[in-house]
Amino acid sequence: QVQPVESGGGLVQAGGSLRLSCAVSGRTNRNYAMAWFRQAPGKEREFVGAISWSGGSTTYADSVKGRFTISRGNAKNTVYLQMNSLKPEDTAVYYCAADTVISRSYEYAYWGQGTQVTVSS
């Protein structure tokens, strides 16, 4: 089993920062591309950003470009999502996903349980 596990969510004021972490447990003998998605109440899940397995390629949603940064950790199959200049509209459950190729679509094979991020105004 391959299981992404998120951590680092919480409550922050608008304009603040938060860093989410995701580590893949289970069968980690291969390197995975990893992505972040989010889902706000009453809305569909949307793409936030993704990073290739090597870390050499990243892609972001326009809504977070310039504010959010994805990076890979030193541990295999670990990624971070640094979120700066947070806005109330960033409030959502954030999900980490993993697969063999980087993508902006929902077609990732492995998904975490999600972590809540709440931005107060």
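FYI, side chains are in, hydrogens and waters are out, and symmetry mates aren't considered; it's all heavy atoms of this structure.
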Say whether V93 and L18 are linked into one hydrophobic cluster, either directly or through other cluster members, by side-chain heavy-atom distances under 4.5 angstrom. no
How far apart are the closest heavy atoms of I70 and G49, and which atoms are they? CD1-C, 3.1 Å
Go through the steps to decide whether T59 and R104 satisfy the test side chain to side chain donor-acceptor pair (under 3.5 Å), and finish with yes or no. CA-CA 8 Å; T59 181; R104 298 169 66 95; 2.5 Å; yes
N/O donor-acceptor pair under 3.5 Å between Y108 side chain and I102 backbone: no
Consider side chain to side chain contact (heavy atoms under 4.5 Å, CB included). Of T115, V64, T91, which one does R38 pass it with? V64
Give a yes/no verdict on a cation-pi contact between R30 and W53, requiring under 6.0 Å between NZ or CZ and the six-membered ring centre and an angle within 45° of the axis. no
Check whether any side-chain N or O of Q3 sits under 3.5 Å from a backbone N or O of W111 as a donor-acceptor pair, and report yes or no. yes
Under the criterion side-chain contact (heavy atoms from CB on, under 4.5 Å), I'd like the reasoning laid out for Q82 against F68: C-alpha separation, chi angles, the key distance, then a yes or no. CA-CA 5 Å; Q82 178 67 43; F68 291 10; over 6 Å; no
D90/K87 salt bridge by N-O under 4.0 Å criterion: no
When you group the ILVMFWY residues by side-chain heavy-atom contacts below 4.5 Å and let the links chain together, are V119 and L81 in the same group? yes
CD1 of I51 to OG of S71: how many Å apart, nearest 0.5 Å? 6.5 Å
Just by distance, do the side chain of D99 and the backbone of A109 share a donor-acceptor pair under 3.5 Å? yes
What residue pairs, at least two apart or across chains, pass disulfide (SG to SG under 2.5 Å) with a residue in residues 53-89? none
From S121 OG over to Q13 CD, what is the distance, rounded to the nearest 0.5 angstrom? 9.5 Å
Which heavy atom in A14 sits nearest to a heavy atom in P88, and how many Å separate them? CB-CD, 4.1 Å
Tightest non-hydrogen contact, residues C96 and M34, listed as SG-CE, 3.7 Å
Do other residues, nucleotides or ligands put more than 12 heavy atoms under 6.0 Å from E46 CD? yes
Heavy-atom pair of closest approach, residues G114 and E6: N-OE1, 3.0 Å
Closest heavy-atom pair, Y110 versus Y32, reported as atoms and distance to 0.1 Å, is CE1-CE2, 4.0 Å
Carefully, step by step, assess Y94 and M83 under the rule side-chain contact (heavy atoms from CB on, under 4.5 Å). CA-CA 12 Å; Y94 283 70; M83 304 184 293; 3.9 Å; yes
I'd like to know if the side chain of R67 and the backbone of S85 have a donor-acceptor N/O pair within less than 3.5 Å. yes
Taking every non-hydrogen atom, the tightest pair across L20 and W36: CB-CH2, 3.6 Å
Ignoring hydrogens and geometry, is there a side-chain-to-backbone donor-acceptor pair from S21 to Y80 under 3.5 Å? no
With a 3.5 Å distance limit and no angle check, can you tell me whether S52 reaches the backbone of S57 through a side-chain donor-acceptor pair? yes
Would you please classify the geometry between the F37 ring and the F47 ring as parallel, tilted or perpendicular, with 30° and 60° separating the classes? perpendicular
